[in-house]
Amino acid sequence: MISTQAWADARRLWDYHQMGHTPRPCSVAIGLGSHDLGVADTAVDLYKQGMAPLLVFTGATSPTTRERMPRGEAVHYRERALELGVPSSAVLVEPNARNTGDNIKFSRAVLEKAGVQVASVLLISKPYEERRAYATACKLWPGIEFVSASTPMTFDEYVDSIQDAHLVIDMLVGALQRLLIYPEQGFMISQRVPDDVREAYERLCRQGFTSRLLATKP
């Protein structure tokens, strides 16, 4: 059973992880690979709304996507975009990234090789990864304006889509831990974590939502 307090704490983390940006036209949209094809669907929706003339999908495979996306996350995202009517000329693929830092660095290299001038990026991720992706991108690609985006959905809708509430809360906790420790390691910019968010995170850790924590002191 998940306590009422744990649900409230998880919703607090969910809200914090989302940047609250309003999508606007950018030079390019980058869809970060994962198990969630919804990232590709959202990228296509934003492309069709005129928010970016070019899509970059980035990602290799991971233990959670190897069976589901054997050709690689970025390749499967591209195939999804083409199925939904995006022309192949409007999609670039970066098939080697295995973490968020790689997503940014390797996508930047692909765009530079293609001669694409970039002033702003629509950065598309899973809903609970918005802040982590934004902080990583700002660190690794300075001078670019990043606008965060994800599939519009509530915490309850996301839990329903995954069908594993404990796993979702574990992921929220793991993403928050990285926001706390990665700036010191040079992986992302530092962002203010409000006291209520930090307290919610600590309570969830104490209640055992720790499967996605790194093996280090939070």
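Computed from heavy atoms alone, side chains included, the values below leave out hydrogens, waters and symmetry copies.
Grouping the Ile, Leu, Val, Met, Phe, Trp and Tyr side chains by contacts below 4.5 angstrom, directly or via other members, places Leu213 with Val193. Both Phe146 and Val110 are assigned to one and the same hydrophobic cluster, defined by single-linkage of ILVMFWY side chains at heavy-atom distances under 4.5 Å. Cluster membership for Leu32 and Ile144, using ILVMFWY side-chain heavy atoms within less than 4.5 angstrom, is shared. Side-chain heavy atoms closer than 4.5 Å link hydrophobic residues (I, L, V, M, F, W, Y) into clusters, and following such links, possibly through other members, connects Met188 to Val173. Cluster annotation: Ile181 is not connected to Ile189 through the hydrophobic network of ILVMFWY side chains, with a link wherever side-chain heavy atoms come within less than 4.5 Å.
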request  = Go through the steps to decide whether Leu180 and Leu176 satisfy the test side chain to side chain contact (heavy atoms under 4.5 Å, CB included), and finish with yes or no.
outcome  = CA-CA 6 Å; Leu180 293 172; Leu176 198 287; 3.5 Å; yes
task = Quick one: do Arg78 and Val86 satisfy side chain to side chain contact (heavy atoms under 4.5 Å, CB included)? Show the steps, please.
result = CA-CA 9 Å; Arg78 177 183 182 275; Val86 178; over 6 Å; no
request  = List the steps, then state whether salt bridge (Lys or Arg N to Asp or Glu O under 4.0 Å) holds for Arg108 with Glu112.
outcome  = CA-CA 6 Å; Arg108 179 180 182 180; Glu112 289 174 351; 3.2 Å; yes
inquiry  = Set out, in order, the CA-CA distance, both residues' side-chain angles and the distance that settles side chain to side chain contact (heavy atoms under 4.5 Å, CB included) for Arg80 and Phe57, then state yes or no.
reply    = CA-CA 11 Å; Arg80 178 67 170 170; Phe57 292 126; over 6 Å; no
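Using modelled atom types, one finds a donor on one side chain and an acceptor on the other under 3.5 Å when comparing Ser150 with Glu130. A donor-acceptor contact closer than 3.5 angstrom links the side chains of Thr58 and Glu94.
Not a single donor-acceptor pair under 3.5 Å links the side chain of Gln18 to the backbone N or O of Asp15. A donor-acceptor distance shorter than 3.5 angstrom exists from the side chain of His21 to the backbone of Ser148, with no hydrogens or angles considered.
The CD atom of Gln117 sits 10.5 Å away from atom CG of Leu111, with the distance rounded to the nearest 0.5 Å. Note that SG of Cys26 is 12.5 Å distant from CG of Leu54, once rounded to the nearest 0.5 Å. In this structure, CG in Leu122 is found 5.0 Å from CG in Leu46, a value given to the nearest 0.5 Å. For the atom pair Leu55 CG and Leu82 CG, the distance stands at 10.0 Å (nearest 0.5 Å). Rounded to the nearest 0.5 Å, atoms CD (Glu129) and OG1 (Thr100) are 5.5 Å apart. Expressed to the nearest 0.5 Å, how far CG of Leu84 lies from OH of Tyr47 amounts to 12.0 Å.
Contacts classified as ring-ring contact (aromatic ring centres under 6.0 Å, His included) and involving residues 164-195 (residues at least two apart or in different chains) are given here: His166-Phe209, Tyr182-Phe187.
Counting heavy atoms from C-beta on, the side chains of Thr61 and Arg98 come closer than 4.5 Å. Proximity of Leu123 to Ile104: side-chain heavy atoms (C-beta onward) are separated by under 4.5 Å at one or more points. Within the 4.5 Å cutoff, the side chain of Asp102 has no heavy atoms near those of the Asn96 side chain. Using a 4.5 Å heavy-atom cutoff, the side chains of Met171 and His17 are not in contact. The shortest distance between side-chain heavy atoms of Pro23 and Gln49 does not fall below 4.5 Å.
Counting heavy atoms of neighbouring residues, nucleotides and ligands inside a 6.0 Å radius, atom CD of Gln185 exceeds 12 of them. Environment of CD in Glu184: sparse, with no more than 12 heavy atoms of neighbouring residues, nucleotides or ligands closer than 6.0 Å.
Considering all non-hydrogen atoms of both residues, Thr151 and Gly38 come closest at OG1-O, 3.3 Å. The two residues Leu13 and Ala200 come nearest to each other via the heavy atoms CD1-CB, 3.7 Å. Shortest non-hydrogen contact noted between Pro25 and Ser120 is O-OG, 4.3 Å. Considering every non-hydrogen atom in both Phe155 and Ala10, the closest pair reads CZ-CB, 3.7 Å. When every heavy atom of Gln177 is checked against every heavy atom of Arg212, the shortest pair comes out as OE1-O, 4.4 Å. When all heavy atoms are compared, the tightest approach of Ser27 to Ala119 is OG-N, 3.0 Å.
Under the 4.0 Å criterion applied to side-chain N and carboxylate O atoms, Arg12 and Asp9 are assigned as salt-bridge partners.
Between Tyr158 and Trp14, the ring planes are tilted. Angles from 30° to 60° get that label.
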